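Each ligand, and each atom within it, is numbered from 1 in the order the structure gives. Computation of the quantities below employed the complete heavy-atom set of this structure, encompassing side-chain atoms and omitting hydrogens, waters and symmetry-equivalent molecules. Being a predicted model, the structure only gives us computed values, none of them experimental.
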Amino acid sequence: MMWPEVEVLISTTYASAGYFEVSVVFVFFAWLFSERVMAMMELMSTKLYEACSTPSYNGSLKQSSSSLHHQLTQYQLRKREQIAQAKSLSVHSFESALYSLKETPWNMILEQEKRPLMGLSCNDCCPRSRKNGGIGNEHFPIVDLLRVETLGKIRRRGILGSIFPVIRHCSTFKKYEYPYIYDSVLKDESVQQMVENTASEEAFENGITDPDGIEKFVERQTKRAAAILTHMHSKLSDLVLRIGSWVFYKTLPLLFTSMSIPQGQIEMLRKAASTGLPLIFLPLHRSHVDYIAVTFTLCNSGIRAPLVAAGENLRIPIFGKLLTGLGAFYIKRRMDPVAGKKDKLYRAILHNYMTQCMQAGHYFEFFIEGGRTRTGKPCMPKGGLMSVFVDAYLSGILEDALLVPVSVNYDKIVEGNFVTELTGEPKKPETLMSALKGIWTAITSHYGLVRVDFNQPFSLHELVRSFQNKVMNKSGSFHIAPSSASLYGTDIIHEEQRQLVDSITRHILYDCMQSTAVMSTNAVAFLLLYYFRNGVPLSKLTFALDRLRDELSFSKKDTGFSGDSKDIIEHAVSLLGPGLVEVDKKDEDVYYKPVSMLPNVLELNYYSNTLVSHFCLKGVVGRVLLSLTADQRDAKVAIEKVVDVSILLCEILQFEFIFTKTCQQLNNAVFDAIEEMTMHEILTEVASHRSGRLGYGCPRNLEIIDDEDEDFIPPDTFYKVNLEEEKLLFYGRLLEPLIDTYCTVFSYLLCMMDQVMPEQILVKELLATVKAGLDNGSIRYAESLSTDTIKNCMKLLEKWSVLECHIQDGTKVYYLNPKYESEEMLVTIIGKVELFRNRL
Ligand SMILES: CCCCCCCCCCCCCCCC(=O)SCCNC(=O)CCNC(=O)[C@H](O)C(C)(C)COP(=O)(O)OP(=O)(O)OC[C@H]1O[C@@H](n2cnc3c(N)ncnc32)[C@H](O)[C@@H]1OP(=O)(O)O
């Protein structure tokens, strides 16, 4: 039973990798085995001893084997107890260090508390998907993917099945064929056509026009096409997936206490898979564990594993090959290496490869943010890969597909932190050594809980139709010429199609963000940074966490933890560590204080940003209320003005947050936030006046058109702002670090007059200016120092056409738009953001 599996394992691994690679993999497996083997040997000797010394021994192998698994577990428990003892005696052997990782005094996942089903499809855009893809119940238990038993499918057939339940489990995965796509892409007419076109262009550039001369270029481009596809294509294999799953069953528990998912989501996925439509998984990208969690969940749930778009930087020795077997297909992170020159052949091959894989029935997964978030806030989506699916749908190649927003959240990310990149250091490229070092650090550290959330799958067809109808209702027409030509091969993409793809990706990103479960570290970091920056006793923090949990549950945001808030805080603080949270014992109470200096605070801010994104719209309204009442005594505001100024601030922060789903109007969302503030008594209605506008114009949906009375001016509704309300100060504080950075970048424009600055130098200068602001106290929060925020602000200035840029000698250079080359113009622009800067 066992040996055929091992033989197949050896032969396939040898077939797909070199000897050195195989040796490394098997040494690794041997190490994983060692715990089981030791346990078995000890048990066998104990059994033998018992057998010899017990008169009732009847030699029944069946009986002894049935209790073998139970005793193995007992053995491991005993061993853990010994290790815990060793730990308390401060014995720091490697073994104890390794096992202590798995220890956790607070086993949250065992609570099996039922949770509401989150992440249902959008009621406005995809009501049919929401109805048809539903599964009836509204509450489901959480299951731990790392415990085979909880998946309820484990069959312990036979002795070896009992001893090796995980192997048994992995061998019973549902079997899928994963078609291998390669030759058909190179033979495809559109690719061949592109080879010829590129060859002709190249020949033309070299001044060659005779057919014989061109033939040489065709040959070269044909070779290049084959090389591109060889590097790109995936070798997804059912067997490698099973082996991979087994390896991850063994390794993930070394890193994480649990990897939980609401059971209802698995059922929704199974239902979606049974429709026969391709599933496209679109996760938020926080960590390298994301794609492992997605494929691992799918394999364990009997669902086809997807092809995953991986950046070419991951094609490193050994791991690169293993990843292709697990589903990776490699793409360039930048389509066009030479700025301004489209690599049409590459684009055509990528487009064609993906389309053929779709037609062959493959599922897909890709990270629309294009890379891992460095700040903890989702990054703005990229449209390239999504456009391939939209194109396939619009041109009739793909009848429909089901889009699945996914989010994986962690108590602690295995990458540690991204502070070096945030403070201006370039990203280090992945290498074999860095990967091995990373794995070693990971398996010898502890990262708490992981929570996986798959949203309800929804139909691409329904979403596209819904967006098209909305555009048609607005403008009276919607025209997208279905293109049979490759999107990546054509020069011009319809603006409508671009907008359609943007709307889809932004909606998905918003959905992912909404369904991201809040982890203990997110909640604690958030409370410490925004409520208790100067420190707080445990009792008070516990109370604040209770209130935050109530608020989250009221706004239908799930948490990745349950249980007593005091335990949750202790768990989170121990994971964040003394580098991020100082713990002090005073007067029989424990005090926690966030480490608010650089660079530590950037890491703490990373964890808190999950909640900053959740509260961003209230943060905007809070900030606006404080700004509008800054010089007032009576603290009275016209609600229409609050809405308009809030929309202005949302526009300024458009590269920081996605404030609403694409199908929702921003002013309606702002109104909702205002309404909630009235519930919290931050705002109290005082009067309605007929008055002139306050200079900001009336938001569209507030306009009351009265045909009878042309001079009708809708009344302004005035509210009193309760400036003493603690919650208002808290909301007002949320965006302060970002606004400070924006003010600094805006003010720096004055130094850019008559200057042309390479991007790198400009970012460096801006970082230094923020740092100087921190040193002289004009900037209060150290988390204002962030290359991400600086770059987002530059994007905004570029979008507003204040800054212009072009490529010069392969480098992006920035300069002021001549229209803004005057102090007067710049001061107006700076004033737009300074408006929000008043201190609390
Ligand atoms: C069993 C147990 C476990 C197993 C364990 C499994 C593990 C097995 C897998 C491992 C897997 C690792 C996975 C790692 C994770 C990453 O490596 S994440 C990084 C890689 N992935 C991505 O980046 C995906 C998202 N990115 C994109 O879609 C980007 O658009 C691309 C395709 C990378 C291109 O980016 P870019 O060069 O910056 O260009 P971009 O401006 O986006 O546009 C390029 C073209 O796309 C098109 N386009 C862009 N936007 C639009 C739009 N809105 N509308 C229409 N067309 C558009 C246009 O043609 C555009 O060209 P132009 O007309 O503008 O010249």
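Residue-level proximity to ligand 1 for S387 is carried by the side chain, the only part with a heavy atom below 4.0 angstrom. Only the side chain of I331 comes within 4.0 Å of ligand 1, judged by heavy-atom distances. Looking at F248 against ligand 1, only its side chain comes within 4.0 Å, counting heavy atoms. For N313, no heavy-atom contact with ligand 1 is shorter than 4.0 Å. Residue-level proximity to ligand 1 for E369 is absent, since no heavy atom of it falls below 4.0 angstrom.
Within the 4.0 Å heavy-atom shell around ligand 1 one finds R347.
Which of M386, H285, K382 comes nearest to atom 27 (C) of ligand 1 through a heavy atom is settled by distance: it is K382. The heavy atom nearest to atom 11 (C) of ligand 1, out of those in V308, L322, V247, is found in V308.
Atoms of ligand 1 found under 4.0 Å from any heavy atom of A310 (numbered from 1 in listed order, with element): 11 (C), 12 (C), 13 (C), 17 (O). When each atom of ligand 1 is checked for a heavy atom of M335 under 4.0 Å away, the hits are 32 (C), 34 (C), 37 (O), 44 (C). Taking a cut-off of under 4.0 Å to the non-hydrogen atoms of R334, the atoms of ligand 1 that pass are 36 (P), 37 (O), 38 (O). Set against the non-hydrogen atoms of F367, the atoms of ligand 1 under 4.0 Å away are 15 (C), 22 (C), 24 (C), 25 (C). Residue K342 approaches ligand 1 through these ligand atoms, each under 4.0 Å from one of its heavy atoms: 62 (P), 63 (O), 65 (O). Residue contact check: G311 has heavy atoms under 4.0 Å from atoms 16 (C), 17 (O), 20 (C) of ligand 1.
Nearest approach of A305 to L236, heavy atoms of both residues: O-CD2, 3.8 Å. The shortest heavy-atom contact between P378 and E369 is CA-OE2, 3.2 Å.
Residues V763 and M794 form a side-chain contact, since some pair of their non-hydrogen atoms from C-beta on lies under 4.5 Å apart.
Y510 and Q664 are not linked by any side-chain donor-acceptor pair at a separation below 3.5 angstrom, with hydrogens and angles left out of the test. Inspection of the N197 and E201 side chains reveals no N or O donor paired with an N or O acceptor under 3.5 Å. Inspection of the Q654 and K799 side chains reveals an N or O donor paired with an N or O acceptor under 3.5 Å.
Partners of Y330 under the ring-ring contact (aromatic ring centres under 6.0 Å, His included) rule, at least two apart in sequence or in another chain, do not exist in this structure. Shown here are the ring-ring contact (aromatic ring centres under 6.0 Å, His included) partners of H806, two or more places apart in sequence or in another chain: Y815.
Where the criterion is an N or O separation shorter than 3.5 Å, residue side chain and backbone included, L241 fails it with respect to ligand 1. Remark: ligand 1 and G384 share an N or O pair separated by less than 3.5 Å (distance only, no angle test). Between Y291 and ligand 1, not a single N/O pair is under 3.5 Å apart. Considering both main-chain and side-chain atoms, D502 comes within under 3.5 Å of ligand 1 through a nitrogen or oxygen pair.
Aromatic ring orientation, Y291 versus F367: perpendicular (interplanar angle above 60°, classes split at 30° and 60°). Ring orientation note: the planes of H507 and F467 are tilted relative to one another, at an angle of 30° to 60°.
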message: Go through it in stages, so that I can follow the logic: the residues are Y393 and H461, the test is ring-ring contact (aromatic ring centres under 6.0 Å, His included), and I'd like the CA-CA distance, side-chain angles, deciding distance and then a yes or no.
response: CA-CA 8 Å; Y393 165 72; H461 165 79; 5.7 Å; yes
